[in-house]
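What you see below is based on every heavy atom in this structure, not just the backbone, and it leaves out hydrogens, waters and symmetry mates.
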Amino acid sequence: MLFLKLSEMGLNVDGSAFYPALEPYYNQGNYPFLRVGDIKDYIDYENCIKVPFEILYKYPTLKHCKKGDIVLTKGGTVGLAGLITQDCCVTRDLIFINSSILLEEDYICLFLYLSTKFSYYQLIRSSSQSVQPHLTITLVRDIAVFKYSPQFRLTASKIYKQSVEKRIQSQTLYHQAEELLLETIGLKDFQPSQAGINIKSLKESFLRTGRLDAEYYQPKYEEIENLIKTCRSGYASLDKFIDSYSTGYPYKSETYINNGIPLVRINNLTKKGLDLSNAVYIPKEDISLSSKDIAKENDILISMSGTIGLSCVVTEKLSIVINQRIMKITPQNYNSHVLVLLLNSPIGKYQLNRIGTGGVQTNVSSTDIKDITIPVVEDEIQQQISELVEKSFYLCEESKRLLDEAKEMVEKEIENENSRVLIE
């Protein structure tokens, strides 16, 4: 028998039961809380929501995961698999498999299998189609899982672990680049003031800035501003380092297609580059609707809504267009990688959070973005930082290549075994 049901492997398939909304706890602790959007080839624990560990005791139905467990997205984009690599808790929109009880090579191969087309087609074909595809715990328990030989499991898991190692090396180099930048501009040991009060006269506040909200005048913002102005190489407004810019085009969702020109939306931005794995596409002829919003290699993209200021570099020669509420800048006299590190550092975050406006969703204008203050970094240091970032990106691509190789190995093994059975 080449396949067996997941339930026959002695694994528990479950999900978080009902618990109150956790939004009040978001980023109030250090314990990772994974949601559907966090489930990708590798889970980004650094940038996911964090909650207090104590809520696991307060809400015992909240699912706790350990290294080696696997989760599957059950709503929206269904059937995406994530391998847990550190302790965390997960939303009720994820189905949980306690694969950590298996040997390492076994839970790695199970994850690789659940990431293949064979698993995905089973899940999609059998999922509930009432409003949108939706997985159930029963469906996942009944999924057919391929039985690999012991030697194959060792080989596939070895390639996967090489991929993980490349990813760790990539993250290490990226952090080195961040530290070198912060050390250069005097922010390496910066600790923002926790004071919530800053007494200002009317002349010093509203009459000068036009702002009445207390958040705008918190001491931490003035501290970061003063630190920038002590930078040994000087400082200037971001506008001085912009050759050209645009602010995206409102492409209509009804024109989206399955294949065409990738449309970059805010959820495609990460500080380490574009993630087009869940991109939508527009017809090729629509690229002419706004030629200024076609992104080029080394352009910088900045979110103007939601997580404002989140920035990344377009690192490849891609044919992509930019959606509304994303600012695209072509820099001048500043390295793109270094400028993005600055925008994603406390320098960019504090200034943009300070000037952001809005109720439910924070927004910032292109004018405000261009007005933020940027410290000047010597060309030699910029070159060192840029080289670290580029090496980091290279290793990240190598990691992805090895992961894809491991997945392809699994698929080919299944195809080969099925062919042999048919011949026999």
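F53 and Y31 have perpendicular rings, their planes meeting at more than 60° on a 0 to 90° scale where under 30° would count as parallel. Classified by interplanar angle (parallel below 30°, tilted 30° to 60°, perpendicular above 60°), the ring pair Y59/Y19 is tilted.
Neither side chain, Y394 nor K166, offers a donor N or O lying under 3.5 Å from an acceptor on the other. With no hydrogens or angles considered, no side-chain donor-acceptor pair links S237 and D239 at under 3.5 Å. Of the N and O atoms on the side chains of K271 and Y174, not one donor lies less than 3.5 Å from an acceptor on the other residue. Side chain to side chain, D275 and T270 fail the donor-acceptor criterion of an N or O pair below 3.5 Å. A donor and an acceptor atom, one from each side chain of S305 and N363, are located under 3.5 Å apart. For the residue pair E387/Q383, the side-chain donor-acceptor check at 3.5 Å is satisfied. A donor atom on one side chain and an acceptor atom on the other are found under 3.5 Å apart for T330 and D299. No hydrogens or angles considered: nothing links the side chains of T247 and S366 as a donor-acceptor pair under 3.5 Å.
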Checklist entry - Run the side chain to side chain contact (heavy atoms under 4.5 Å, CB included) check on K67 and Y107 step by step: do they pass? => result CA-CA 10 Å; K67 179 180 178 181; Y107 67 64; 4.1 Å; yes
Next on the checklist: Show, in sequence, the C-alpha distance, side-chain angles and deciding distance for D293 and S246, and conclude whether the side-chain hydrogen bond (donor to acceptor under 3.5 Å, both in side chains) test is met.
Outcome noted: CA-CA 6 Å; D293 290 302; S246 67; 2.7 Å; yes
Checklist entry - Should E165 and K161 be marked as a side chain to side chain contact (heavy atoms under 4.5 Å, CB included) after you check the CA-CA gap, both sets of side-chain angles, and the distance that decides it? => result CA-CA 6 Å; E165 183 60 32; K161 287 189 280 188; over 6 Å; no
Item to check | Verdict with supporting geometry, F111 and I108, side chain to side chain contact (heavy atoms under 4.5 Å, CB included) | outcome: CA-CA 5 Å; F111 162 70; I108 288 175; 5.6 Å; no
Next on the checklist: Quick one, D106 with R153, criterion salt bridge (Lys or Arg N to Asp or Glu O under 4.0 Å). Give me CA distance, side-chain angles, the key distance, then yes/no.
Outcome noted: CA-CA 7 Å; D106 290 336; R153 291 198 298 271; 2.6 Å; yes
Next on the checklist: Is there a salt bridge (Lys or Arg N to Asp or Glu O under 4.0 Å) between E397 and K400? Walk through the geometry before answering.
Outcome noted: CA-CA 5 Å; E397 285 300 312; K400 185 179 185 307; over 6 Å; no
Checklist entry - Do Y249 and N323 pass the side chain to side chain contact (heavy atoms under 4.5 Å, CB included) test, and can you show the C-alpha distance, the side-chain angles, and the key distance before you say yes or no? => result CA-CA 5 Å; Y249 184 81; N323 201 30; over 6 Å; no
Item to check | Residue pair K407, E411: steps toward the salt bridge (Lys or Arg N to Asp or Glu O under 4.0 Å) verdict | outcome: CA-CA 6 Å; K407 291 179 182 178; E411 293 186 346; over 6 Å; no
Item to check | Pair K58-E54, salt bridge (Lys or Arg N to Asp or Glu O under 4.0 Å): steps then yes or no | outcome: CA-CA 7 Å; K58 187 172 184 179; E54 292 73 24; over 6 Å; no
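Nearest heavy atoms, V364 versus S303: CG1-O, 4.4 Å. Between N278 and R265, the shortest heavy-atom distance links the atoms O-NH2, 3.6 Å. Scanning all heavy atoms of the two residues, the minimum distance from N344 to G309 falls at OD1-O, 3.7 Å. For the residue pair V338 and Q382, the shortest heavy atom distance occurs at CG2-O, 3.5 Å. For the residue pair M409 and F152, the shortest heavy atom distance occurs at O-CZ, 3.5 Å. When all heavy atoms of K63 and D14 are compared, the closest pair comes out as NZ-OD2, 3.4 Å.
In this structure, C396 SG and L173 CG are separated by 11.5 Å, a value rounded to the nearest 0.5 Å. In this structure, the separation between CD1 on I374 and CD1 on I185 is 9.0 Å, given to the nearest 0.5 Å. Between E225 atom CD and I228 atom CD1 the span is 7.5 Å, to the nearest 0.5 Å. Within the model, atoms CD of Q384 and CG of L181 stand 12.0 Å from one another, a figure rounded to the nearest 0.5 Å. One finds the OG atom of S115 at 7.0 Å from the CG atom of D41 (value rounded to the nearest 0.5 Å). Atoms CD and CG, on E179 and L388 in that order, are 10.5 Å from each other to the nearest 0.5 Å.
Contact of the Y160 side chain with the L403 side chain is registered, since non-hydrogen atoms from C-beta on lie closer than 4.5 Å. Annotation: side chain of L135 is in contact with side chain of L123 (closest heavy-atom distance under 4.5 Å). Using a 4.5 Å heavy-atom threshold, the side chains of I84 and C88 count as touching. No side-chain heavy atom of N298 sits less than 4.5 Å from a side-chain heavy atom of V314. Under the 4.5 Å side-chain criterion, counting only non-hydrogen atoms from C-beta, V410 is in contact with Y148. Using a 4.5 Å cut-off on side-chain heavy atoms (C-beta onward), L238 and L339 make contact. Using a 4.5 Å heavy-atom threshold, the side chains of E378 and R232 count as touching. Side-chain contact between F33 and V51: present, with at least one pair of heavy atoms (C-beta onward) separated by less than 4.5 Å.
Ring centroid separation for the pair F146 and Y113 does not come in under the 6.0 Å cut-off.
A distance-only check finds a donor-acceptor pair linking the side chain of T73 to the backbone of G79 [under 3.5 Å]. At least one donor-acceptor pair closer than 3.5 Å links the side chain of R325 to the backbone N or O of M304. Side chain of T91 to main chain of R35: no donor-acceptor pair is present (N/O by atom type, distance under 3.5 Å, no hydrogens or angles). Under the 3.5 Å distance criterion, the side-chain polar atoms of S99 are matched with a main-chain donor or acceptor of G68. Listed for the D142 side chain is no donor-acceptor partner under 3.5 Å among the backbone atoms of L139. The closest donor-acceptor contact from the side chain of T172 to the backbone of I168 lies under 3.5 Å. No donor-acceptor pair closer than 3.5 Å links the side chain of T307 to the backbone N or O of L310. E183 contributes no side-chain N or O that, together with a main-chain N or O of L180, makes up a donor-acceptor pair within less than 3.5 Å. When atom types are taken as modelled, the side chain of S100 and the backbone of D69 share no donor-acceptor pair closer than 3.5 angstrom. One N or O on the side chain of K50 and one on the backbone of Y45 form a donor-acceptor pair closer than 3.5 Å.
The side chain to side chain contact (heavy atoms under 4.5 Å, CB included) test with L72 singles out one residue from I137, I143, I97, and that residue is I97.
Residue-environment remark: CZ (F393) exceeds the threshold of 12 foreign heavy atoms within 6.0 Å. Sparse packing is recorded around CD of E380, with 12 or fewer heavy atoms of other residues, nucleotides or ligands lying under 6.0 Å away. With a 6.0 Å radius and a threshold of 12 heavy atoms from other residues, nucleotides or ligands, K370 has its NZ atom above the threshold. Within a 6.0 Å radius of CG in N30, other residues, nucleotides and ligands contribute 12 heavy atoms or fewer.
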